[in-house]
Amino acid sequence: MIRFGVVGVGGYGAVWRQVLEPLEERGIARIAAATDGNAALLAALAPTLQARGTRVFASVDALLAEGRAEIDVVGLPVAIASHAPLTVRALDAGYNVLVEKPAAATVQDLLAMQAAERRAQRWCAVDYQYLYSPVTPWVLNKLTDGSLGALREARVRIDWPRAVAYYQRNAWAGRVKVGDAWVLDGPATNAVAHHLAHLIYWGSLGQAGLECIEAVRAELYRAKPIESYDTSYLELRLTNGVRVLHIASHAVQAAHEPEALLLCERGRITWYSSADCVRAQYADGREEQFTPNDGLTLNERTFVQVAELAAGRQPTVIHNLITSR
């Protein structure tokens, strides 16, 4: 069983705890160690964690220094501004890492994470959840087997209403910076960042990475009383000529769950996030559909595949989700 050392057990870390508990019962992965920067919260959760056999550390420094014999992967469901510095610290301490999405706030942070991977000869996976779905390689195969012709455009629209409370849940929500640290919080760079990663992966035909992006045009809007943006229109041109459109908003009244549309020379592919299923429609009238039957939830798939990597049962995180290539 793969042992996670989780930094941040409150906030989104609570989701990680809910996901990992049933995976522990199935012998896949467990929280072996934990800490949190909020000492009061950590103290409140310590009895529950310890009852499950989790060793509670008073600080990140203590976890990294003393947990080597108990931890296979350091997990970081932490604030965006902490993604890069904590990832670098964990890599430099000799650990492999799973960091929550987005990978980092800035390109400079991402480059620092890549450098730390190379320096430590360890890996860092990012929890862009939908990329771990079996739908992703199925769609990639359809885009590359020639049956639909060349991909021309990949687009997605997401309307996820967020009330004022969403921006009051922590000190960084809706912020551009906290102190000197960049946050750049917003739908495209946080809540629906996995859908952007999804489109770039498909649009680049599995290449992904910064090197596949030729140009970016962005329009950012703000309707709510926040520092950052709550509505965005992103248009990317990839080096292979594919156009990627990502349109998202939190300043809406009604929800529109993500649906990705991939327009090809001889047909189209539509992906429905609500059911995590996909339909390919060919110009000659044929159709194909695919729905995963792996028995895993969206959030479980990340941890299962990272556990497979940590156990040495696969050579890399699926789809090369490691921050450097």
Side-chain angles (χ1 to χ4, degrees), residues 101-107 110 126 128-133 135-160 184 186-221 229-252 256-274 276-284 286-290 319-321 323 325:
K101 66 168 176 63
T106 68
V107 172
L110 185 65
V126 184
Y128 290 117
Q129 297 101 321
Y130 282 107
L131 280 169
Y132 295 85
S133 168
V135 162
T136 299
W138 190 92
V139 170
L140 182 62
N141 181 64
K142 294 300 173 186
L143 293 174
T144 56
D145 68 5
S147 58
L148 285 162
L151 176 63
R152 297 304 190 199
E153 183 171 297
R155 60 172 76 153
V156 69
R157 170 192 161 198
I158 312 109
D159 292 342
W160 279 359
L184 303 176
T189 46
N190 186 8
V192 295
H194 46 325
H195 296 297
L196 181 58
H198 215 180
L199 287 195
I200 294 173
Y201 181 77
W202 282 335
S204 65
L205 304 182
Q207 295 304 303
L210 296 175
E211 66 276 8
C212 79
I213 300 172
E214 183 174 291
V216 178
R217 185 173 76 86
E219 298 177 18
L220 307 179
Y221 302 94
Y229 69 101
D230 53 42
T231 301
S232 58
Y233 172 94
L234 304 182
E235 181 177 349
L236 289 72
R237 185 172 66 252
L238 305 185
T239 54
N240 62 4
V242 173
R243 182 176 182 238
V244 173
L245 296 178
H246 182 280
I247 304 167
S249 181
H250 289 330
V252 290
H256 180 276
E257 291 303 313
E259 293 181 5
L261 181 61
L262 308 176
L263 301 175
C264 304
E265 285 180 318
R266 296 193 295 275
R268 62 175 57 192
I269 296 175
T270 308
W271 169 77
Y272 306 92
S273 69
S274 57
D276 193 23
C277 66
V278 64
R279 179 174 62 174
Q281 298 169 286
Y282 297 88
D284 61 9
R286 290 180 297 119
E287 289 193 6
E288 290 182 83
Q289 296 190 36
F290 174 73
H319 319 310
N320 285 323
L321 293 184
T323 56
R325 299 186 61 78

Quiz item: Have Glu288 and Tyr282 got a donor and an acceptor in their side chains that come within less than 3.5 Å?
Solution: yes

Practice problem: Taking all heavy atoms of Leu234 and all of Ala218, pick out the closest pair and write down the distance. | Solution: CD2-CB, 3.4 Å

Self-check item: Atom of Ile200, atom of Leu238 and distance for their closest heavy-atom approach
Solution: O-CD1, 4.3 Å

Quiz prompt | Least distance between heavy atoms, Pro187 atom then Asp230 atom | solution = CG-O, 3.6 Å

Quiz item: Between OG of Ser232 and CD of Glu219, what distance do you get to the nearest 0.5 Å?
Solution: 10.0 Å

Quiz item: Hey, are the side chains of Val135 and Cys277 touching, using non-hydrogen atoms and a 4.5 Å cut-off?
Solution: no

Practice problem: Give a yes or no answer on whether the side chain of Ser204 reaches the backbone of Cys212 with a donor-acceptor pair at less than 3.5 Å. | Solution: no

Practice problem: Under the side chain to side chain donor-acceptor pair (under 3.5 Å) rule, collect the residues that match up with His195, sequence neighbours excluded. | Solution: none

Self-check item: His198 side chain to Thr136 side chain, donor-acceptor N/O pair below 3.5 angstrom
Solution: yes

Quiz item: Tyr229 side chain to Ala188 main-chain N or O, any donor-acceptor pair under 3.5 Å?
Solution: yes

Quiz item: What pair of heavy atoms forms the shortest contact from Gln281 to Leu148, and how long is it?
Solution: O-CD2, 3.8 Å

Practice problem: Nearest 0.5 Å please: distance from the CD atom of Gln207 over to the CG atom of Asn240. | Solution: 8.5 Å

Quiz item: Taking side chain as C-beta onward, heavy atoms only, is His246 less than 4.5 Å from Leu236?
Solution: no

Self-check item: Between CG on residue Leu205 and CG on residue Leu140, distance to nearest 0.5 Å
Solution: 6.5 Å

Quiz item: Rounded to the nearest 0.5 Å, how far apart are CZ of Arg237 and CD of Glu214?
Solution: 4.5 Å

Self-check item: Minimum-distance pair of heavy atoms, taken over all atoms of His250 and Trp160
Solution: ND1-O, 2.9 Å

Quiz item: Would you call Tyr130 and Asp276 a side-chain contact if the rule is heavy atoms closer than 4.5 Å?
Solution: yes

Self-check item: Val126 versus Lys101, closest heavy-atom pair with distance
Solution: CG1-CA, 4.2 Å

Exercise. Using side chain to side chain donor-acceptor pair (under 3.5 Å) as the criterion, list what pairs up with Thr231, not counting sequence neighbours.
Key: Ser249

Self-check item: Donor-acceptor pair, side chain of Tyr272 and main chain of Glu257, under 3.5 angstrom
Solution: no

Quiz item: How long is the gap from CD1 on Ile269 to CZ on Phe290, to the nearest 0.5 Å?
Solution: 12.5 Å

Quiz item: Which of parallel (below 30°), tilted (30 to 60°) and perpendicular (above 60°) describes Trp202 and Trp271?
Solution: perpendicular

Practice problem: State the CG-OG1 distance between Leu262 and Thr270, to the nearest 0.5 angstrom. | Solution: 7.5 Å

Residues 149-158, side-chain donor-acceptor partners within the protein, below 3.5 Å, at least two apart:
from, atom 1, to, atom 2, distance (Å)
Arg152, NH2, Glu265, OE2, 2.7
Glu153, OE1, Arg243, NH1, 2.7
Glu153, OE2, Arg155, NE, 2.8
Glu153, OE2, Arg155, NH2, 2.5
Arg157, NE, Asp159, OD2, 3.2
Arg157, NH2, Asp159, OD2, 2.6

